[in-house]
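Scroll down for the structure; my scribbles are underneath it.
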Amino acid sequence: MVRKLPSKDVVIIGLCWTGAILAHELTDEGLDVVAIERGPWRDTASDFPPSYAPDELRYAIRGELFLQPKQETFTFRHKPNEMALPIRQFVSFLPGTGVGGAGVHWNGQTWRFLPTDFNLKTHLTSRYGKDFLPADMSIQDWGITYDELEPYYDKFEYLCGTSGKAGNLNGVIQEGGNPFEGPRKRAYPTPPQRQPYGPTLFAKAAIETGHRPFPQPSSNLSQGYTNPLGVTLGECTFCGFCERFGCGNYSKASVQTTILPVLVRKSNFEARTNSEVLKIEKDSTGKKATGVTYIDASGETFFQPADLVIVCAFMLDNARLMLLSGIGKPYDPVSGEGVIGKNYSYQLTSGVTAFFDDKIFNPFIASGAIGMMIDDYNGDNFDHGPMGFVGGGYMGMGQTGARPIQTRPVPPGTPRWGSEWKAATAQHYNSTISFSTHGSNYSYRDAYLDLDPTYKDTHGRPLMRITYDFHDNDLKMSGFLTDQLASIVNAMGAKQVVKSPRKGPYDTSIYQTTHVCGGVIMGEDSATSAVNKYLQSWDASNVFVIGASAFPQNAGYNPTNTVGALAFWAADAIRTQYLKNPGPLVQS
Amino acid sequence: MTSLPLTRRHLLAGTSSVLALFSVTAHARTYGAGTGLPWEPNGGEPPLPINPQGWLLFTPAEARMVEGIADRMIPADTLSIGGKEAGCAVFVDRQLAGWFGQSTRLYMRPPFMNGLPTQGLQSPNNPILQYRTGLAALEAIAKKQFSNRSFTDLKPDEQDSLLKDMEAGKLEVPDGYSSKAIFDLMLQNIMEGFFADPIYGGNKDLASWKMLGFAGTRYDHRDFVDKHNQKYPLPPVSIAGRARI
């Protein structure tokens with residue numbers, strides 16, 4: 001039996017970055033908001049105190065803060081003619097769960113996308129001609145411009161207290177910042193973090209080879225900071241237990257350290273944890289959501305009526321909830337029609353490792369986002385005409401920790417065990433550094449999401465099926481980035497430099513990033529996108545779907561800043577436009 | 001992570017069988033509504049040090065084999081103590097006796113099918129079964145190849161030759177198993193034991209962290225981040241402090 005609860009103005013599915021931002025903004029508007037979160041409550045003092053947060057086995061290896069596949073997973077195949085099998089343990093990407101979502105265990109790398117990333121299709125076809133793009137590439141414009149989003153990037157960065165050096169202030173290039181970034185209205189809220197030896201050496205070599213290095217924007221803060229909500233974050237201590245971990249020091253921006261202390265004091269907000277939304281319910285017209293059905297930890301099922309449904313789950317679950325609820329036409333890769341599940345994309349990363357014999361790097365002195373980077377080869381910052389591919393990425397040396405179960409670099413050919421292994425491990429641990437490229441992944445007609453016909457979750461619902469593989473364009477792009485990076489690293493005088501280019505096929509048994517994107521993409525046209533430029537469903541105007549699910553393709557950057565900016569942008573549209581006149585904000 | 005006390009949070013997140021067992025009615029908890037951040041004494045779950053006495057999962061014979069394997073993978077030399085003395089077998093035993101051993105947190109619903117390597121783990125056999133099967137196969141081949149001697153009685157180079165066969169996937173194992181997959185699992189777990197915090201039973205006296213120069217759980221490196229190319233001067237610290245618990 002389903003118990004019907006008293007109606008709310010707003011129900012939010014998932015209390016992570018996007019859910020907390022929407023909850024904060026809409027409660028400020030005076031609305032009565034409930035957030036329904038499938039995982040547990042999490043807070044700094046009780047869940048990751050510094051006394052036992054630095055535990056590599058528990059958090060990084062056994063994945064205590066991640067979604068457990070037994071609760072929900074996804075199936076995977078490379079091509080439509082393969083049998084999709086369940087991802088039985090998460091390795092390639094690591095979905096979060098619980099209050100804060102994956103924003104608890106992120107690195108804090110806080111990038112803006114380039115202006116040309118948002119009108120990508122228009123830009124590339126006007127610069128290179130439409131025949132330049134591969135026939136099966138399905139990239140689209142976002143329906144929003146960088147200039148429209150800039151104030152909301154600013155809001156998210158000032159919420160987090162992001163530490164960085166502006167490269168472009170109102171169109172004036174700033175020495176020491178990223179000269180390729182879009183113009184920003186004001187500087188970062190806090191100065192860059194201090195840099196260890198490795199990134200410093202990289203920056204020197206980058207300058208010597210004609211590049212323009214800058215400190216990576218970091219939401220592990222360089223100094224104490226009180227955000228506009230009145231919440232104070234502390235200075236990062238470089239403990240080296242950042243990505244895959246919660247921050248016990250209140251130094252890494254997360255909903256715990258930026259929003260929750262204010263949000264939970266509001267009488268018009270509540271969060272229900274260990275409660276999983278099964279479905280968004282619709283009225284008889286099918287054009288309007290009436291609320292959500294959810295099941296709690298005791299197995300009881302509830303219907304929570306609401307005027308507005310905001311979908312803020314992990315991006316794969318955003319797409320899955322839309323399919324399970326029958327909102328929007330499912331994407332069909334054969335006809336190319338339909339929108340839900342369309343344009344699933346990822347990130348192409350690669351690495352270079354340099355072995356020295358005369359240097360000490362102390363690689364464990366680290367934060368999730370310190371490092372020196374270059375952006376010369378990102379997006380369309382360089383001429384692709386002679387390249388034969390589109391896309392790009394940033395690259396450089398980020399020192400994110402050297403926890404020894406996972407990080408023990410040895411030269412290729414070293415045995416995996418025994419005396420020779422041990423000698424090499426001890427010799428190289430402190431004198432080796434690794435560099436990475438962070439490449440874009442453009443979307444393709446045969447990379448998509450749909451419901452799996454075979455495998456089910458604990459509630460008997462079909463799992464989401466991922467059909468995805470790397471394409472030649474993107475592998476070529478990644479190979480180019482890797483070569484450029486290696487040529488800079490070669491200028492550093494290492495004894496041995498080893499390239500690890502990304503190779504196909506996509507392998508779910510190797511960690512790459514958690515930057516999975518698409519499936520409920522935003523755009524200008526209801527025939528080719530699932531949500532409009534305000535993240536509002538074209539098919540049910542009181543449903544907004546927020547997250548990296550909205551990316552029509554992925555740029556060569558980490559997604560969180562753009563996800564946070566889109567959350568503020570959508571919240572603003574709801575506050576200033578939708579509430580005055582509920583209905584479609586853009587006519588389809 | 002093993003033998004943790006059953007806290008409120010476990011109950012809230014727990015399965016219906018756990019709930020039935022303890023006859024506690026769980027409600028999804030509500031937060032907010034003007035109450036401020038919740039504070040619950042002991043709401044978190046600090047790790048409990050393992051008791052190194054005895055074996056929870058391995059038979060004594062299996063335990064001796066795993067100790068022997070740990071000493072071949074991580075031999076004692078001038079750089080550090082060996083895998084056995086570091087407690088790697090104790091570590092693996094306690095991990096297998098916890099949720100890890102039974103794949104409790106993984107997606108283990110059928111149908112199980114052989115996939116491509118790029119589709120990741122697809123075996124229905126949990127780590128306990130993998131170890132039991134792998135150790136039995138290793139013992140059987142030792143007796144067959146070396147005149148009925150047990151694996152633990154072999155000379156180090158004889159043990160190495162069998163382990164290398166196993167690593168190459170050449171050891172005979174029952175259908176549904178792969179000797180390479182079992183070897184990889186043992187290697188992964190033994191290395192985890194050697195390099196993890198000693199609170200889980202391995203890395204005795206912080207042997208591996210001292211060998212590497214890893215600072216461990218020291219939480220504040222602000223005074224050293226920009227001291228470039230200088231050796232970090234302090235010894236490592238673990239969750240339970242500097243000395244072995």
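Every chain is numbered from 1 and lettered A, B, ... according to where its sequence line falls, protein lines coming before strand lines. Since we're looking at a predicted model, the values are computed, not measured.
Top candidate by heavy-atom pairs under 4.5 Å with chain B, chosen from His428(A), Gln68(A), Arg88(A), is Arg88(A).
Residues Asp184(B) and Arg416(A) are paired through a salt bridge, judged by an N-O separation under 4.0 Å between the basic side chain and the carboxylate. Ion pairing of Arg62(A) with Glu192(B) is present here, as a side-chain N (NZ or NE/NH1/NH2) and a carboxylate O approach within less than 4.0 Å.
Panel note: side chain Tyr219(B), backbone Gly248(A); a donor-acceptor pair is recorded below 3.5 Å.
A centroid separation of less than 6.0 Å is found between the aromatic rings of Phe183(B) and Trp417(A). Centroid-to-centroid, the aromatic rings of His221(B) and Phe364(A) come within less than 6.0 Å.
Heavy atoms closer than 4.5 Å to chain B are found in both the backbone and the side chain of Asn249(A). With a 4.5 Å cut-off on non-hydrogen atoms, Ala402(A) touches chain B through its backbone but not through its side chain. For Thr458(A), the parts lying under 4.5 angstrom from a heavy atom of chain B are both the backbone and the side chain. Of the two parts of Thr78(B), neither the backbone nor the side chain holds a non-hydrogen atom closer than 4.5 Å to a non-hydrogen atom of chain A. For Tyr455(A), the parts sitting under 4.5 Å from any heavy atom of chain B are the backbone and the side chain alike. Both the backbone and the side chain of Lys422(A) come within less than 4.5 Å of a heavy atom in chain B. When heavy atoms are compared at a cutoff of 4.5 Å, Phe238(A) approaches chain B by way of both its backbone and its side chain. Residue Ala84(A) touches chain B through its backbone alone, counting heavy-atom pairs closer than 4.5 Å.
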